[in-house]
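Below you'll find the structure, written out as structure tokens, and then a few comments.
For the single chain, residues carry numbers from 1 onward in sequence order.
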Amino acid sequence: MPEVKFSRTCPACMTEKPITEFPRNASTADGRGAYCRPCHAKAAKRSRERARAKYAEMVALLSPSDRARLGIAD
């Protein structure tokens, strides 16, 4: 029978926290994510910011006629 852990260390902030501070993840053996909720949220925010920046770059490359066709305001 596997050992039951009630706490773990987040690899991002290196803080030991109760297992309930880690989001659920059914694809892992213990059913919890690797990073604590605050670190997980920070990573998700960075990912969204990068995606928005990439979108802005792609929109900047569009011609005015393509922007009008797609309904993108300047």
I'd like to check the side-chain contact (heavy atoms from CB on, under 4.5 Å) partners of Leu70; sequence neighbours left out, ordered by chain and number. Leu62, Ile72

Sequence neighbours excluded - side chain to side chain donor-acceptor pair (under 3.5 Å) pairs with any residue from residues 37-47: none

Would the distance check show the side chain of Arg67 and the main-chain N or O of Val59 forming a donor-acceptor pair, the cut-off being under 3.5 Å? yes

Please set out all donor-acceptor pairs under 3.5 angstrom arising from side-chain atoms of residues 10-23, sequence neighbours excluded.
residue : atom : partner : partner atom : Å
Thr15   : OG1  : Cys13   : O            : 3.2
Glu16   : OE2  : Ser7    : OG           : 2.6

Can you sort out the partners of Arg69 under side-chain contact (heavy atoms from CB on, under 4.5 Å), two or more places apart, ordered by chain and number? Asp66

Contacts of type salt bridge (Lys or Arg N to Asp or Glu O under 4.0 Å), residue Arg52, not counting sequence neighbours: none

Excluding sequence neighbours, so at least two apart, what forms side-chain contact (heavy atoms from CB on, under 4.5 Å) with Ser27? Asn25

